[in-house]
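All values derive from a computational prediction rather than experimental measurement.
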Amino acid sequence: MKTLTKLQVWTTPLWLILMVLPFAFLLVRHPDSVGTFLSYGGKDGQGVSLTGALLAAGVCLSLIAQIAEQIDYLRFMPPKTPENERKWWGWMLLAGPGWVLFGAVKQVVGLFLAVYLIANLPGAQDIANQPVHQFLEIYRDMMPAWLAMTLAVVLVVISQIKINVTNAYSGSLAWTNSFTRLTKNYPGRLVFLGLNLLIALILMEANMFDFLNNILGFYANCGIAWIVTVATDIAVNKYLLRISPKQPEFRHGMLYDYNPVGLIGFGLSAMLSIMTFFGLFGETLKPYSPIIAVIVSFLATPATAILTKGKYYPRRIDDGIEAPMFDEHGNPSGETLTCHITGMDFERPDMIASPVPGPEGEIQYISSLALSTDKTGIHVLPPQ
């Protein structure tokens, strides 16, 4: 993660210059491009289309799942203290949910460049949605063709590296967690890092860009269903209905393997919205699949929590360890405990007491990693 951070920091200045330069050039050299963009009426010149806007919203909202990748960076933030509390909250909100603001700006800039090409370059309708052509054509208006091509290639390479190293890192985490939970085996992150890169290579060689909108439109239904289910569980189940535990819990030994609240909220929403997306409920409802994903998740998640009475959230309340989990500011206490299975030291919030006593009857501790690979269940504390 330290290497990834250095890579992102070192490449960002050049990336920003190459990204902003064409936009600034158009504002200075062609100020009328702003008016053209704001008055653009679409391919048929009819203005805003509700159907088109909803289909576009599905593609845009597919990026909402990128917020989850920000967690990989946020977990390296320094502990929150009274001295840095204001700054801590500011950066957490900006780098967490506030990341959608940066995503929105990038999408608007991309649309602005596309409209400029369509309005000023004959035959640009087919290439205006491809970023490399957007920047290449505007670079050509600014400088010699050879330099324009060079900068366009540099921008594409830097962008792909910045995106894919983070995707590979985050994807390997997700694949490893899912695989380990389902199979009780931990093959290591490197295996799934390779799998992620293989999938990316296959998609690239299959010329995914030609049907990117369909892929993102389909994927958006899953992404929206997931994020709305999680958000509803936090906002409604946790704070309004007070069914979900206030303190988030992730340790394997403290949870049931499956919670119907999340499974039904996400599963039902994703299934119905995907069916709508593919036209199974008629062409009229097809563009509304993202809205259906939001509504179903928002209704099904608290309804399932009420019906199950929150039974499947925690298996236990007490983890069997007397040492405090957090300090007075709500940060991990800093104490480490040794897992008696792996022999590795883990932070206190990652550990629970093991039901298997030590050689002299003393309490032993076990980590979430060890519990996730326990096929026998003998190391899991019984439910309370």
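Counting heavy atoms from C-beta on, the side chains of Asn185 and Thr180 never come closer than 4.5 Å. In this structure, the side chains of Phe281 and Leu272 come closer than 4.5 Å at one or more pairs of heavy atoms. For the pair Pro302 and Thr232, the minimum side-chain heavy-atom distance is below 4.5 Å. Residues Thr338 and Gln364 fail the side-chain proximity criterion, which asks for heavy atoms closer than 4.5 Å. Contact of the Leu18 side chain with the Tyr139 side chain is registered, since non-hydrogen atoms from C-beta on lie closer than 4.5 Å. Residues Phe135 and Met19 meet the side-chain proximity criterion, which asks for heavy atoms closer than 4.5 Å. A 4.5 Å side-chain heavy-atom check between Val261 and Thr301 finds at least one atom pair inside the cut-off. With a 4.5 Å cut-off on side-chain heavy atoms, Cys222 and Ile274 count as touching.
In this structure, the side chain of Lys238 does not engage the main chain of Ile243 through any donor-acceptor pair within 3.5 Å. The backbone N or O of Arg181 lies less than 3.5 Å from no partner atom in the side chain of Ser372, so there is not a single donor-acceptor pair. Formation of a donor-acceptor pair under 3.5 Å by the Ser33 side chain with backbone atoms of His30 is found in this model. Looking only at distances, a side-chain donor or acceptor of Asn84 sits under 3.5 Å from a matching main-chain atom of Pro79. Without hydrogens or angle criteria, Ser289 side chain to Thr276 main chain gives no donor-acceptor distance under 3.5 Å. No donor-acceptor pair closer than 3.5 Å links the side chain of Lys246 to the backbone N or O of Tyr239. The main-chain N or O of Phe346 is never found under 3.5 Å from a side-chain atom of Asp350 such that the two would form a donor-acceptor pair. Side chain of Arg316 to backbone of Gly253: no donor-acceptor contact under 3.5 angstrom is found.
Residues Ser297 and Val228 approach most closely at CB-CG1, 3.5 Å, considering heavy atoms. The nearest pair of heavy atoms linking Pro349 to Pro332 is CG-CB, 3.9 Å. Nearest heavy-atom pair, Met143 versus Leu151, reported as atom, atom and distance to 0.1 Å: SD-CD1, 3.4 Å. In terms of heavy-atom proximity, Ala225 sits nearest to Ser269 at CB-OG, 3.3 Å. Heavy atoms only, all atoms of each residue included: Lys286 and Phe277 are closest at CE-O, 2.9 Å. Of all non-hydrogen atoms in Ala370 and Cys339, the two that sit nearest each other are CB-SG, 3.8 Å.
Atom CD1 of Ile224 and atom OG of Ser273 lie 7.5 Å apart (nearest 0.5 Å). We find the CE-CE distance between Met325 and Met351 to be 11.0 Å, quoted to the nearest 0.5 Å. Residue Leu369 holds its CG atom at 7.0 Å from CE of Met344, rounded to the nearest 0.5 Å. Put simply, CG on Leu337 and CD1 on Ile366 are 12.5 Å apart, with the number rounded to the nearest 0.5 Å. Thr229 contributes atom OG1, which lies 7.5 Å from atom CZ of Phe266 (distance to the nearest 0.5 angstrom). Glu249 CD to Tyr313 OH: the interatomic distance, rounded to the nearest 0.5 Å, is 14.0 Å.
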message: Let's go through Glu137 and Asn120 carefully: what are the C-alpha distance in whole Å and the side-chain angles of both, what is the deciding distance for side chain to side chain contact (heavy atoms under 4.5 Å, CB included) to 0.1 Å, and is it a yes or a no?
response: CA-CA 10 Å; Glu137 295 302 329; Asn120 294 276; over 6 Å; no

field: Stepwise side chain to side chain contact (heavy atoms under 4.5 Å, CB included) check, Ser244 with Asp233
entry: CA-CA 7 Å; Ser244 174; Asp233 187 65; 3.5 Å; yes

- prompt: When you look at Val191 and Trp175, which way does the side chain to side chain contact (heavy atoms under 4.5 Å, CB included) test go after all the steps?
  reply: CA-CA 9 Å; Val191 172; Trp175 277 108; over 6 Å; no

- prompt: How far apart are the C-alpha atoms of Lys162 and Gln8, what are their side-chain angles, what is the distance that settles it, and do they pass the side chain to side chain contact (heavy atoms under 4.5 Å, CB included) test?
  reply: CA-CA 6 Å; Lys162 289 173 74 68; Gln8 298 289 8; 2.9 Å; yes

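Leu307 and Ile264 are assigned to two separate hydrophobic clusters, defined by single-linkage of ILVMFWY side chains at heavy-atom distances under 4.5 Å. Leu26 and Ile118 fall within the same hydrophobic cluster, where Ile, Leu, Val, Met, Phe, Trp and Tyr residues are linked whenever their side-chain heavy atoms come under 4.5 Å apart, directly or through other members. Placement of Val156 and Leu14 in two distinct hydrophobic clusters is found when ILVMFWY residues are connected by side-chain heavy-atom separations under 4.5 Å, directly or transitively. Tracing side-chain contacts under 4.5 Å through hydrophobic residues (I, L, V, M, F, W, Y), one never reaches Ile341 starting from Tyr365; they form parts of separate clusters. One hydrophobic cluster, built from ILVMFWY side chains closer than 4.5 Å, holds both Leu21 and Leu117.
Atom CD1 of Ile363 sits in a sparse spot, with 12 or fewer heavy atoms from other residues, nucleotides or ligands closer than 6.0 Å. The environment of Phe192 atom CZ is dense: over 12 non-hydrogen atoms of other residues, nucleotides or ligands sit within 6.0 angstrom. Annotation for Trp88: atom CH2 counts as buried by contact number, over 12 foreign heavy atoms lying within 6.0 Å. With a 6.0 Å radius and a threshold of 12 heavy atoms from other residues, nucleotides or ligands, Glu362 has its CD atom above the threshold.
A salt bridge links Arg348 with Asp319: the distance from a Lys NZ or Arg NE/NH1/NH2 to an Asp or Glu carboxylate oxygen falls below 4.0 Å.
Of the N and O atoms on the side chains of Thr373 and Lys184, not one donor lies less than 3.5 Å from an acceptor on the other residue.
By the 30° and 60° cut-offs, the orientation of the rings of Tyr312 relative to Tyr256 is perpendicular.
In this structure, Arg189 satisfies the cation-pi test against Tyr169, with its NZ or CZ atom closer than 6.0 Å to the six-membered ring centre and inside 45 degrees of the ring normal.
When the options Ile161, Leu155, Val154 are evaluated for a side chain to side chain contact (heavy atoms under 4.5 Å, CB included) with Val157, the one that passes is Ile161.
Between Tyr116 and Phe37, the ring centre distance reaches or exceeds 6.0 Å.
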Got a list of side-chain donor-acceptor pairs under 3.5 Å for residues 105-114, not counting sequence neighbours?
none

